[in-house]
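These notes concern the structure reproduced below.
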2 protein chains.
Amino acid sequence: MLPENALASAVPDVADLPGAAPRPEETWLRIVQVHDRITRRVDSALHRQHGISLTGFEALRRIAEAPGQRASMGEVAEALGLSRAGVTSTVTRLVTEGFVVRERAADDRRLLHARLTDAGRAKLSEASPTHDGLVTHLLTHLGADAPVVTDALARVSAATRSRR
Amino acid sequence: MLPENALASAVPDVADLPGAAPRPEETWLRIVQVHDRITRRVDSALHRQHGISLTGFEALRRIAEAPGQRASMGEVAEALGLSRAGVTSTVTRLVTEGFVVRERAADDRRLLHARLTDAGRAKLSEASPTHDGLVTHLLTHLGADAPVVTDALARVSAATRSRR
DNA sequence: TGCCAAAGCTTCAAGCCCGTAGTGTTTCGG
DNA sequence: CCGAAACACTACGGGCTTGAAGCTTTGGCA
């Protein structure tokens, strides 16, 4: 059932700079490790230095980048990869913290828009350097491979983009 | 939906040539997307087809690969990137499901070892093809870049290996 | 030899997020 | 005009995190 790598040994590949094809298992392990470690570090840095969660930060950024600095719950959910219920509680938290306000959309009254407050904008520009600096720093070891990695992962991401 | 490259035609964008550096932001986004999507699919497939969680599966596999098919709580925590408390509850669940037994180590009586039962071994070999097959399938789009990606991520992983 | 710090694990509480399911409102097509 | 679809909220059960407290065992050191 599992073809293993029965045919991996056959052909000396052109692009064997870093070696032969690794087992998907190995690749997956690395993705998980990198994701978990960066996530933990960034999340705890945001908590300690700015009293905000990584999810909260990403929501703020997403709303800030939306046209009119407002976005519907569904858009935020889609953008952050959160569930509907998760976005509800995340935005509720942001509202009680004063970073965001909820308002019914004028054109389609089914939608609720989250809009940044001044405090939200301030928090975002305060926390952004921490977030971006850390991510940039932790990914420096990709070095010259960064474009290839980004591109390859983008293909995988696109191929797994799911209805749901 | 996202007009994010609406201005891509105006400026000779850096992201066009494979060799130009993408923003770390972009790379990070791809890592998160790929991780989240694969995790969700594999987890739900394991749940539906084998009634086991991804974390439970990884714990079983880890214990199976340990010398003597037994591992201490700490080893499992380290290997899976879980907290102590998380491992305790994960292993407790596996114990009540009959896949694992806990036993005090003979040489160092501070340690508790988790050891696979026959049912645990059976469940592992039943679920492994599902897990591995899915991971392999979802990562096929890495194509010839797989070695580069794996290697680059391994560097990042090594550089972020933390005490804790 | 005796003692105490450190290691390993568990437990509990609080917090965040998930998925599912059920409810209410609004919109849109037939 | 009416029903299906879309959007969002609430509630519930589950899993994982951190932090703190407590237990047993180990091992170094006086």
Side-chain angles (χ1 to χ4, degrees), chain A residues 32 35-37 39-48 51-59 70-97 100-114 162-164, chain B residues 1 32 35-37 39-48 51-59 70-97 100-115 162-164:
Chain A
V32 171
H35 175 271
D36 287 1
R37 288 170 188 177
T39 291
R40 279 199 228 289
R41 294 212 185 181
V42 173
D43 184 60
S44 87
L46 288 175
H47 260 109
R48 286 196 311 271
I52 194 178
S53 72
L54 176 54
T55 300
F57 173 82
E58 288 173 335
R70 65 189 65 215
S72 74
M73 302 298 101
E75 291 173 46
V76 177
E78 178 70 19
L80 302 202
L82 293 186
S83 66
R84 263 15 210 244
V87 167
T88 294
S89 77
T90 295
V91 171
T92 297
R93 215 173 311 127
L94 292 175
V95 168
T96 67
E97 289 164 335
V100 141
V101 291
R102 253 192 268 250
E103 41 193 35
R104 189 63 67 176
D107 51 337
D108 185 340
R109 301 185 55 75
R110 290 172 301 182
L111 273 56
L112 271 179
H113 279 163
S162 57
R163 38 64 223 163
R164 188 156 53 85
Chain B
M1 194 206 317
V32 171
H35 175 271
D36 288 0
R37 288 171 187 176
T39 291
R40 280 200 228 290
R41 293 213 186 180
V42 173
D43 184 59
S44 88
L46 287 175
H47 259 109
R48 286 196 313 271
I52 194 178
S53 71
L54 176 54
T55 300
F57 173 82
E58 288 173 336
R70 67 187 65 216
S72 74
M73 302 298 100
E75 292 174 44
V76 177
E78 179 71 17
L80 303 202
L82 291 186
S83 66
R84 269 4 216 256
V87 167
T88 294
S89 79
T90 294
V91 170
T92 297
R93 214 173 310 127
L94 291 175
V95 168
T96 67
E97 291 165 334
V100 142
V101 291
R102 251 192 271 250
E103 41 193 34
R104 190 62 67 176
D107 51 337
D108 185 340
R109 301 186 54 75
R110 289 172 302 182
L111 273 55
L112 272 179
H113 280 164
R115 187 170 54 79
S162 58
R163 37 60 222 161
R164 192 158 55 81

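Excluded from the calculations below are hydrogen atoms, water molecules and symmetry mates; all remaining heavy atoms, backbone and side chain alike, are included. Every chain is numbered from 1 and lettered A, B, ... according to where its sequence line falls, protein lines coming before strand lines. Bear in mind the structure is a predicted one, so any value in this text is a computation, not a measurement.
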Looking only at side-chain N and O atoms, does [X] come under 4.0 Å of OP1 or OP2 in [N]?
X	N	value
Ser53(A)	dC16(C)	no
Arg93(B)	dG15(D)	yes
Thr55(B)	dC16(D)	yes
Ser83(A)	dT20(C)	no
Ser72(B)	dC9(C)	yes

Gap between atoms [atom1] and [atom2], on [X] and [N] respectively (whole Å):
X	N	atom1	atom2	result
His113(A)	dC7(D)	NE2	C1'	11 Å
Leu54(A)	dT18(D)	CG	C1'	16 Å
Arg109(B)	dC23(D)	CZ	C1'	14 Å
Asp36(B)	dC17(C)	CG	C1'	12 Å
Leu112(B)	dT25(D)	CG	P	11 Å
Arg104(A)	dT25(C)	CZ	P	10 Å
Glu58(B)	dC16(D)	CD	P	10 Å
Asp108(B)	dC23(D)	CG	P	20 Å

Inset, instruction - Please examine the side chains of His35(A) and Val32(A), heavy atoms only from C-beta on, and report whether any two atoms are closer than 4.5 Å. - result: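 A side-chain contact is absent here, since even the closest heavy-atom pair is not under 4.5 Å.
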Inset, instruction - May I ask you to test the Ser53(A)-Asp43(A) pair for a side-chain heavy-atom distance under 4.5 Å? - result: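 With C-beta onward as the side chain, the pair touches.
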Inset, instruction - For Ser44(B), report the nucleic acid contact type (base, sugar-phosphate, nothing); a contact means any heavy atom under 4.0 Å. - result: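 Nothing, no nucleic acid heavy atom in range.
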Which nucleotide in the set [options] lies at the smallest distance from any side-chain heavy atom of [X]?
X	options	answer
Ala85(A)	dC17(C), dT20(C), dT25(D)	dT20(C)
Leu82(B)	dC9(D), dT17(D), dT25(D)	dT17(D)
Arg110(A)	dT25(D), dT11(C), dA5(D)	dA5(D)
Arg102(B)	dT10(C), dC17(C), dT17(D)	dT10(C)
Arg40(A)	dT17(D), dT26(C), dG19(C)	dT17(D)
Thr90(B)	dT27(C), dT26(D), dC16(D)	dC16(D)

Inset, instruction - Check whether any side-chain N or O of Arg102(B) sits under 3.5 Å from a backbone N or O of His113(B) as a donor-acceptor pair, and report yes or no. - result: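 No, Arg102(B) side chain to His113(B) backbone: no donor-acceptor pair under 3.5 Å.
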Legend entry - Backbone of Val101(B) reached by a side-chain donor or acceptor of Arg115(B) within 3.5 Å: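 Between the backbone of Val101(B) and the side chain of Arg115(B) there is no qualifying donor-acceptor contact (under 3.5 Å).
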Inset, instruction - Give the minimum heavy-atom separation between Val76(A) and Ala71(A), together with the two atoms involved. - result: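 That would be CG2-CB, 4.0 Å.
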Inset, instruction - Quick one: do Arg40(B) and Ser44(B) satisfy side-chain contact (heavy atoms from CB on, under 4.5 Å)? Show the steps, please. - result: CA-CA 6 Å; Arg40(B) 280 200 228 290; Ser44(B) 88; over 6 Å; no
Inset, instruction - Between Leu111(A) and Gly56(B), name the one whose nearest nucleotide on DNA chain D is closer to the 5' end. - result: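 Upstream on the strand: Leu111(A).
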